[in-house]
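All remarks here apply to the structure that follows.
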2 protein chains.
Amino acid sequence: MKKARYHHGDLRHSLIKAARDMIKEGGIEAVSLRKLADRVGVSRTAAYHYFKDKNILLCTLAQEGFHIWQEEADRIFQDEKMSHEDRYKAYIRWYMTYALENAEYYDLMFGRAIWKQNTATENLKATAYDVFQKQVAITRQWQKYGVLPAGEDSLRLAQVTWGTLHGLARLLIDGIYSDDSPIDEICDCAANLLMDK
Amino acid sequence: MKKARYHHGDLRHSLIKAARDMIKEGGIEAVSLRKLADRVGVSRTAAYHYFKDKNILLCTLAQEGFHIWQEEADRIFQDEKMSHEDRYKAYIRWYMTYALENAEYYDLMFGRAIWKQNTATENLKATAYDVFQKQVAITRQWQKYGVLPAGEDSLRLAQVTWGTLHGLARLLIDGIYSDDSPIDEICDCAANLLMDK
DNA sequence: AACGCAATTTGACAGTGTCAAGATTGATGG
DNA sequence: CCATCAATCTTGACACTGTCAAATTGCGTT
């Protein structure tokens, strides 16, 4: 479709798209600007006109990931067909399966690579902050509905519950738990612990 | 102390020691075999006689980290001066502060870098497995003493509780939570959620 | 048609991990 | 005491990587 014209026409989006594919294939480690340029059919340093850094490219991808993430989560949060309890359980299960199915992307979004860099875009931080704030709001709702313990501070509760899901996802993704850990059982156990009894 | 002799004498340990320092200073990313060799005063490829891979070097360090980790944890597990409840709370607090204070090392031990590689030594996996099995055993004890809910399967419970601590540690270390998150409050909230009520 | 400016390329540099082949050494046996 | 040998370390080389500076190309406007 794309000819070898000097002006590519839509390089920015092509780069993002290619990087997205690349990540799904081989993880963040496998992403290199040069292979990326190769795949898009452009010269090695072309990307630098759109992304100051390799890191900024990754941040952009992560931000995109957060938006998709939020959309999918909202779909569960707003599903009126389920009871509050079931919705929370569904959320947990969705979190784990989504994280595992998109392991490489999850790694990008929550991984250290991006956040530790000092070049981490303010945009990304803002986006992630928004996602978390929404999480806090939902947590407050769930407390109101008696799904989560009402006694705890909503912010702390959101931090800890997210921590639990994040930690489990990480351990499963990284293969630190044995491979045959049944996700269903783990989700159930987590739900039992977190939810108000 | 060390002269520029051809035979270094204790290269393996020197390499490990230097790598350990390097990690504490600048994180895993900052570790390069060449700078390592430089620091030890030896040629760039000298390390390959003791470590087949860069990854294997890191695995060795991680294993060492697990042993220290286990020792420190045991000190809490076996502290008879505390009640079971207090001991559990102390464990949580220790976990978080230790992880945060040794963030770079924590990153090495539980980070993806090592586990994802197919060259991950069987030794490391075995060590980590031992650590986790001990965790399961302790969890079972705590269930017996009424600190943790007796109804849950011990293995799953250990997985989830560890997941919680691991996730919180990760989020705090990576700076995904805002920097001014009071660890004490987070620990308390986690304890409330996890412990039997 | 010529000019300007943005998009892209080429060249170059300093890093990295790792392999193969050579140099140095301390220890061993005659 | 000295030659041999295997362990230990070095040199050279290769294929990568990210990134900068300076040239090149070509579209749109005057």
Side-chain angles (χ1 to χ4, degrees), chain A residues 1-19 22-23 25-62 108 111-114 116-121, chain B residues 1-19 22-23 25-62 108 111-114 116-121:
Chain A
M1 184 211 290
K2 289 281 157 42
K3 296 117 291 177
R5 286 169 32 194
Y6 199 99
H7 283 56
H8 182 284
D10 195 22
L11 186 52
R12 185 169 213 275
H13 288 93
S14 296
L15 282 171
I16 290 183
K17 193 166 141 84
M22 226 163 186
I23 287 179
E25 288 167 19
I28 307 179
E29 303 292 316
V31 174
S32 98
L33 290 190
R34 296 173 107 109
K35 277 187 288 187
L36 208 57
D38 238 42
R39 182 177 293 210
V40 177
V42 94
S43 162
R44 50 229 137 90
T45 61
Y48 282 84
H49 244 262
Y50 299 95
F51 307 97
K52 190 181 130 272
D53 245 3
K54 177 185 180 181
N55 195 53
I56 296 229
L57 204 186
L58 294 180
C59 283
T60 308
L61 291 181
L108 173 66
R112 189 164 216 222
I114 290 180
K116 190 66 181 178
Q117 302 297 88
N118 43 7
T119 43
T121 54
Chain B
M1 184 213 288
K2 289 279 156 40
K3 297 116 291 178
R5 284 169 36 193
Y6 200 101
H7 282 57
H8 181 284
D10 197 22
L11 187 50
R12 186 169 212 276
H13 289 93
S14 297
L15 283 170
I16 289 184
K17 193 164 143 75
M22 228 165 186
I23 287 180
E25 288 167 17
I28 307 179
E29 303 292 316
V31 174
S32 96
L33 290 189
R34 296 172 107 108
K35 277 187 290 189
L36 207 57
D38 239 41
R39 183 177 291 210
V40 178
V42 95
S43 163
R44 52 231 132 89
T45 61
Y48 283 84
H49 245 261
Y50 299 93
F51 306 98
K52 190 182 131 270
D53 244 6
K54 177 185 181 182
N55 194 54
I56 297 229
L57 204 186
L58 294 180
C59 283
T60 308
L61 292 181
L108 172 67
R112 189 163 218 225
I114 290 180
K116 189 67 181 178
Q117 303 296 88
N118 43 9
T119 42
T121 54

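A note on names: the letters A, B, ... follow the listed sequences, proteins ahead of strands, and every chain is numbered from 1.
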Chi angles and distances behind the side chain to side chain contact (heavy atoms under 4.5 Å, CB included) call for B/Val31, B/Leu61: CA-CA 12 Å; B/Val31 174; B/Leu61 292 181; over 6 Å; no
Criterion side chain to side chain contact (heavy atoms under 4.5 Å, CB included) on A/Leu58 and A/Ile28, from CA distance to verdict: CA-CA 9 Å; A/Leu58 294 180; A/Ile28 307 179; 4.1 Å; yes
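Residue B/Ser43 places no side-chain atom within donor-acceptor reach of the base of D/dT11, judged by atom type and a 3.5 Å distance cut-off alone. Checked by distance alone, A/Thr45 brings no side-chain donor or acceptor within 3.5 Å of a matching partner on the base of C/dT8. You'll find a donor-acceptor pair under 3.5 Å spanning the side chain of B/Arg34 and the base of C/dG17, going by distance alone.
Between the side chain of B/Ser32 and the backbone N or O of B/Lys35, at least one donor-acceptor pair lies under 3.5 Å.
In this entry the distance linking CG of B/Leu11 with C1' of D/dA7 reads 13 Å, nearest Å. Rounded to a whole Å, the CZ atom of A/Arg44 is 13 Å from the C1' atom of D/dA22. Taking atom NE2 of B/His49 as the reference point, atom P of C/dT24 lies 16 Å away to the nearest angstrom. For A/Leu36 and C/dT8, the CG to C1' distance is 15 Å, given to the nearest whole Å. If you take CG of A/Leu33 and C1' of C/dT9, they are 16 Å apart, rounded to a whole angstrom. If you take CG of B/Asp10 and P of C/dG26, they are 16 Å apart, rounded to a whole angstrom. Atom OH in B/Tyr50 sits roughly 18 Å away from atom P in C/dT18 (whole-Å rounding). Taking atom NZ of residue A/Lys54 and atom C1' of nucleotide D/dC20, one finds them 17 Å apart after rounding to whole Å.
The heavy-atom pair separating A/Ile114 from A/Ala62 by the smallest distance is CD1-CB, 3.6 Å. A pairwise comparison of heavy atoms in B/Leu15 and B/Phe51 identifies CD1-CE1, 4.2 Å as the closest pair.
Annotation: the terminal axes of the helix from C/dA1-D/dT30 to C/dG30-D/dC1 meet at 20°, where each axis is the rotation carrying the C1' atoms of four end pairs onto the next four (5 pairs per end, rounded to 10°).
Ranking C/dG17, C/dT8, D/dG18 by closeness to the A/Tyr48 side chain, first place goes to D/dG18. In the set C/dT9, C/dT16, D/dT19, C/dT16 carries the atom at the smallest distance from any side-chain atom of B/Ser32.
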